[in-house]
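Source: prediction; values computed, not measured. To find a chain, count down the sequence lines: A is the first, B the second, and so on, and within it residues start at 1.
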Number of protein chains: 2
Amino acid sequence: MPDTFLDKDTPANRFARAREAQAAALLEDYVEMIGDLTAELGEARVADIAERMNVSQPTATKSIARLKREGLATSRPYRGVFLTDEGARLADRVRARHRTVVAFLVRMGVPEEIAELDAEGIEHHVSQVTLSAFEAVLKGEDPA
Amino acid sequence: MPDTFLDKDTPANRFARAREAQAAALLEDYVEMIGDLTAELGEARVADIAERMNVSQPTATKSIARLKREGLATSRPYRGVFLTDEGARLADRVRARHRTVVAFLVRMGVPEEIAELDAEGIEHHVSQVTLSAFEAVLKGEDPA
DNA sequence: TGATAAGTATAGCTATGGCTATATTTCGTG
DNA sequence: CACGAAATATAGCCATAGCTATACTTATCA
Ligand SMILES: [Mn+2]
Ligand SMILES: [Mn+2]
Ligand SMILES: [Mn+2]
Ligand SMILES: [Mn+2]
């Protein structure tokens with residue numbers, strides 16, 4: 001039974017489920033970005049993270065503290081931020097999903113820039129089943 | 001120039017934009033639900049709102065206070081909740097968008113129940129342009 | 001090498017949105 | 001019409017996520 005690994009502790013109520021997805025959204029965006037920065041610049045610095053997330057430096061620091069608490073990243077004072085194995089795995093999944101959502105929206109006729117904007121929020125609420133449906137459409141297996 | 005009326009104060013950064021959409025999400029869901037309850041039961045009571053949102057009664061009361069502060073609803077102590085004209089207009093827009101998103105996902109091959117779950121989060125991040133693209137697909141004007 | 005600049009941490013504030021426990025009001029019924 | 005039940009409000013707690021101001025550490029370069 002595939003796709004089941006994402007369904008642990010799924011709340012019955014749809015609003016509760018959306019709230020849970022939202023709670024994970026910030027963590028997802030941070031790990032993805034830290035992964036990006038590490039790949040691009042060789043390291044992820046708080047200042048760069050803050051700039052790209054469009055938040056103040058102390059806000060970024062605080063969110064990074066949460067990443068560390070949840071075992072997704074590590075850092076030592078005045079030094080850069082690093083993803084744990086778990087963090088890196090999450091980053092890869094999140095990045096792939098982000099790209100799929102953007103590509104799918106573009107396929108639906110949405111302009112690139114708008115697709116990128118909308119995807120940044122939408123991605124966090126797309127279940128594995130829906131993601132697979134998007135991938136199927138992109139592969140040309142049109143369900144219509 | 002249509003669709004422009006939704007683009008006032010759109011932030012440049014995509015993360016900032018997603019944060020703004022998120023801030024509006026709770027208000028949107030509440031007004032839609034208050035509209036639903038009013039239509040179904042003749043009135044929207046705090047207890048019913050709380051039950052459907054899957055939150056405690058005090059949490060619902062507090063969110064309703066925010067709705068009132070923002071001019072979307074009114075209520076007197078120990079009495080039901082009513083939408084203002086602005087709140088009712090927002091509720092109608094939100095409800096229509098919700099239905100479009102669900103219908104679109106179902107068209108993409110997503111099962112009803114999952115479409116309903118995902119849509120509850122996705123809907124708040126779908127711009128007017130993307131919504132129009134979804135509507136076009138539903139009308140059969142397939143972009144592929 | 002030491003002063004300055006840059007980067008990071010910390011303090012302390014706000015708003016939001018959860019919760020439980022409890023007070024208060026209204027409602028329904030005998 | 002009074003009393004108990006149901007509904008609502010209030011108090012007070014917590015976590016998250018934003019901010020500015022400021023302290024501290026590290027890096028750079030004259
Ligand atoms: Mn995102
Ligand atoms: Mn993303
Ligand atoms: Mn919703
Ligand atoms: Mn909805």
Closest to the [X] side chain: [options]?
| X | options | result |
| --- | --- | --- |
| A:Lys62 | C:dT8, D:dT10, C:dG12 | C:dG12 |
| A:Val55 | D:dA9, D:dG12, D:dC19 | D:dC19 |
| B:Thr59 | C:dA9, D:dT16, C:dG18 | C:dG18 |

For D:dA7, does the base pair up with any side-chain atom of B:Gln57 as donor and acceptor (N or O, under 3.5 Å, distance only)?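 Side chain to base: no pair below 3.5 Å.
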When you measure from the side-chain N and O atoms of [X] to the phosphate of [N], is any distance below 4.0 Å, counting only OP1 and OP2?
| X | N | result |
| --- | --- | --- |
| B:Arg19 | D:dG18 | yes |
| B:Thr61 | D:dT8 | no |
| A:Arg45 | C:dT8 | yes |

Please set out all donor-acceptor pairs under 3.5 angstrom arising from side-chain atoms of residues 21-33 of chain B, sequence neighbours excluded.
| residue | atom | partner | partner atom | Å |
| --- | --- | --- | --- | --- |
| B:Gln22 | OE1 | B:His125 | NE2 | 3.2 |
| B:Glu28 | OE1 | B:Arg97 | NH2 | 2.7 |
| B:Glu28 | OE1 | B:His124 | ND1 | 2.6 |
| B:Asp29 | OD1 | B:His124 | NE2 | 3.2 |
| B:Asp29 | OD2 | B:His124 | NE2 | 3.2 |

Does any donor atom in the side chain of A:Lys68 or A:Thr74 lie under 3.5 Å from an acceptor atom in the other side chain?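 No pair is found: no donor N or O on one side chain lies under 3.5 Å from an acceptor on the other.
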A:Tyr30 OH - D:dG18 C1' separation (whole Å):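 Atom OH in A:Tyr30 sits about 10 Å away from atom C1' in D:dG18.
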I need the CD-P distance between A:Glu51 and C:dG7, as an integer number of Å.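 The distance from CD of A:Glu51 to P of C:dG7 comes to 10 Å, rounded to the nearest Å.
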Let me know, please, whether A:Arg79 or A:Glu70 comes out on the 5' side of the other along DNA chain D by nearest nucleotide.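 Result: A:Glu70.
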Starting at the 5' end of DNA chain C, which residue's closest nucleotide do you reach first, A:Tyr78 or B:Pro58?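 Checking each residue's closest nucleotide, the 5'-ward one belongs to A:Tyr78.
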Specify the residue among A:Gly80 and B:Asn54 whose closest nucleotide of DNA chain C lies further upstream toward the 5′ end.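 The residue whose closest nucleotide sits nearer the 5' end is A:Gly80.
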